[in-house]
Amino acid sequence: MQPDNMQVREDGRLRHFLSVEGLNRGLLTEILDTAESFAGVAEQSVKKVPLLRGKTIVNLFFEASTRTRTTFELAAKRLSADVLNINAEASATVKGETLLDTLRNLQAMHVDMFVVRHSNSGTAHFIARHVLPHVSVINAGDGRHAHPTQAMLDMFTIRREKGADFGRLTVAIVGDIAHSRVARSQIHALNLLNTGEVRVVAPRTLIPSHVEALGVRVFHDLREGLREADVVIMLRLQHERMQGALLPSEHEYYELYGLTEKRLALASPDVTVMHPGPINRGVEMDSEVADGPRSVILEQVTHGIAVRMAVMSMAMGRRGEGAD
Ligand code: CP
C-alpha cells in the first residue's frame with residue numbers, strides 16, 4: 001500500500017503521524033527500529049540526546065490523559081526540545097476561541113510540532129491540513145478513530161517479548177472494540193506487520209459491524225478467543241463514548257469477559273498480557289493478572305517514551321542514533 005500522502009513527505013519520510021492506516025510496513029518498521037535505538041537513553045546518567053535542540057513542541061490536550069501526555073512530554077525533553085503543555089481548561093477555546101485561531105496563535109510563536117488529543121475523531125487530520133509547511137502534527141488520540149503512537153508502543157512491546165516474526169503470532173484483542181481508537185490502530189498495525197491471526201473478542205454490542213473487513217476473526221466467547229493466544233490485549237470499557245445501555249452491568253461484563261488466571265490458562269503457556277491503560281481492576285481483569293508475571297502493562301508505558309521519541313524525531317527529519 002502507498003503511504004497516505006498527507007502523512008508522508010515526497011521522499012517517503014514521515015511528516016505527520018495521524019493514523020497507522022495509510023502507512024506501510026517499511027515506515028512502521030523504521031519507527032520500531034528507531035525506538036529501539038532510543039530505548040537506552042533512559043539508562044544514561046544524562047537522559048538526553050540533542051536531536052531536537054532548538055525545536056518547540058506543543059502538547060495540545062483537549063481530553064484527559066495520564067500516560068500519553070506525560071510520555072510525550074518526557075520524550076520531547078529527552079530529545080532536548082522545548083515543550084509547552086496546554087490542556088483544554090487552560091486554553092482560550094473555553095472562552096470561545098476556535099481551534100483554528102488557537103492554532104494560528106500558537107504557530108505565531110514559531111512552534112515546530114503539535115501533539116494533539118481531542119474527543120472528536122478527525123481533529124488531528126484537521127489541524128494537519130491547516131499548519132504551516134514546516135510544522136508536524138502527531139495524533140495522541142482522536143475520538144474513537146485512532147491512537148497511532150499507542151499502537152506502535154504496543155507493537156514495540158510485542159516485538160520485544162516475542163521477536164520480530166509477527167507471522168507466527170496469534171493476538172487477541174478483548175473488550176470494547178466498538179469505541180476503541182486503540183483497537184482500531186492496533187488492528188491496522190498488526191495486519192501491516194503480517195501477524196498470523198488477529199482476533200477481536202467482545203459481546204455483540206461492543207463489536208462494530210463489518211469489523212471482519214479489517215482482517216480480524218470475531219469471537220463472542222472469551223474462552224474460545226483466548227485459546228492458544230500468544231498475546232492478549234485487554235481494553236477498557238469506554239463508558240464516556242457509549243450511548244445507551246450496551247451492557248447489563250460491569251459485574252456481568254466481568255463475569256463473561258473479565259480476565260482471570262483460570263481463563264488465561266487457556267492461552268499459550270508463555271502468553272503476554274497487555275492493556276493500554278487506564279485499567280479498571282475487577283472489570284476488565286483481576287489484579288492477580290494485571291500485576292502477575294505475564295503482564296507487561298508497565299513495560300508498555302516505559303516503551304511509550306522511546307516510541308514517541310522515534311516518531312517525533314522522524315517527523316522532524318532527525319533520525320539519529322539514540323544512546324551514546
Ligand atoms: N493509553 C492511554 O492513552 O492512556 P491515557 O489516556 O492515560 O493517555
Side-chain angles (χ1 to χ4, degrees), residues 17-21 31 35 57-78 83-91 113-124 137-158 160-161 171 173-190 231-242 259 272-281 283-285 289-291 295-312:
F17 193 32
L18 308 174
S19 64
V20 173
E21 199 177 1
I31 292 170
I57 296 176
V58 175
N59 281 330
L60 200 49
F61 276 61
F62 294 95
E63 199 188 60
S65 170
T66 300
R67 282 145 288 266
T68 309
R69 200 201 62 71
T70 49
T71 52
F72 263 114
E73 181 175 352
L74 267 180
K77 286 179 170 168
R78 287 185 185 171
V83 188
L84 300 176
N85 292 307
I86 299 179
N87 61 41
E89 292 78 36
S91 93
M113 176 180 286
F114 290 105
V115 178
V116 183
R117 171 172 284 197
H118 203 287
S119 56
N120 290 341
S121 299
T123 301
V137 179
I138 311 292
N139 185 1
D142 62 326
R144 58 168 86 173
H145 170 236
H147 195 349
T149 58
Q150 176 70 48
M152 291 314 297
L153 74 88
D154 294 334
M155 298 309 110
F156 185 87
T157 305
I158 292 172
R160 276 273 178 109
E161 293 294 315
V171 179
I173 307 173
V174 182
D176 186 359
I177 312 294
H179 302 94
S180 175
R181 57 196 177 204
V182 174
R184 221 169 300 276
S185 293
Q186 287 169 338
I187 290 167
H188 286 299
L190 288 165
V231 178
V232 177
I233 304 176
M234 302 303 293
L235 298 175
R236 183 175 67 85
L237 288 177
Q238 319 265 315
H239 287 296
E240 71 277 20
R241 294 184 204 133
M242 289 185 196
L259 190 61
T272 294
V273 176
M274 299 167 63
H275 192 306
I279 304 175
N280 290 309
R281 291 171 185 262
V283 179
E284 296 119 26
M285 64 205 311
V289 178
D291 305 327
S295 167
V296 293
I297 293 170
L298 293 179
E299 284 86 340
Q300 288 173 261
V301 178
T302 303
H303 296 155
I305 301 171
V307 166
R308 287 169 176 136
M309 288 172 78
V311 170
M312 288 194 282

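When a ligand or atom number is given, it counts from 1 through the structure's own listing order. Bear in mind the structure is a predicted one, so any value in this text is a computation, not a measurement.
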**Student:** Can the positive tip of Arg117 be found less than 6.0 Å from the middle of the six-membered ring of Phe61, inside 45° of the ring normal?
**Tutor:**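 Because its charged atom misses either the 6.0 Å distance or the 45° angle limit, Arg117 does not stack over Phe61.
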**Student:** If we only count heavy atoms from C-beta on, is the Thr123 to Phe62 side-chain gap below 4.5 Å?
**Tutor:**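 Not in contact.
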**Student:** State, yes or no, whether a side-chain contact exists between Thr272 and Arg160 at a heavy-atom distance under 4.5 Å.
**Tutor:**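 Not touching, per the 4.5 Å side-chain cut-off.
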**Student:** For ligand 1, which of its N or O atoms have a protein N or O partner closer than 3.5 Å, and how long is each gap?
**Tutor:**
| unit_1 | atom_1 | unit_2 | atom_2 | d |
| --- | --- | --- | --- | --- |
| ligand 1 | 1 (N) | Gln150 | OE1 | 3.0 |
| ligand 1 | 1 (N) | Pro276 | O | 2.8 |
| ligand 1 | 1 (N) | Gly277 | O | 3.3 |
| ligand 1 | 3 (O) | Thr68 | OG1 | 2.9 |
| ligand 1 | 3 (O) | Arg117 | NH2 | 2.9 |
| ligand 1 | 3 (O) | His147 | NE2 | 2.9 |
| ligand 1 | 4 (O) | Arg67 | NE | 3.1 |
| ligand 1 | 6 (O) | Arg117 | NH1 | 2.9 |
| ligand 1 | 7 (O) | Thr66 | N | 2.8 |
| ligand 1 | 7 (O) | Arg67 | N | 3.0 |
| ligand 1 | 7 (O) | Arg67 | NE | 3.1 |
| ligand 1 | 7 (O) | Arg67 | NH2 | 3.0 |
| ligand 1 | 8 (O) | Ser65 | OG | 2.6 |
| ligand 1 | 8 (O) | Thr68 | N | 3.0 |
| ligand 1 | 8 (O) | Thr68 | OG1 | 2.6 |
| ligand 1 | 8 (O) | Arg117 | NH1 | 3.4 |
| ligand 1 | 8 (O) | Arg117 | NH2 | 3.3 |

**Student:** Hey, does Pro148 have a side-chain heavy atom less than 4.5 Å from the side chain of Glu21?
**Tutor:**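 Side chain of Glu21 against side chain of Pro148, heavy atoms only: no contact under 4.5 Å found.
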**Student:** Can a salt bridge be assigned to the pair Arg281 and Asp291 using a cut-off of 4.0 Å between side-chain N and carboxylate O?
**Tutor:**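 A salt bridge is present here (some side-chain N lies under 4.0 Å from a carboxylate O).
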**Student:** Of Asp154, Thr71, Thr157, which meets side chain to side chain donor-acceptor pair (under 3.5 Å) against His303?
**Tutor:** Thr157
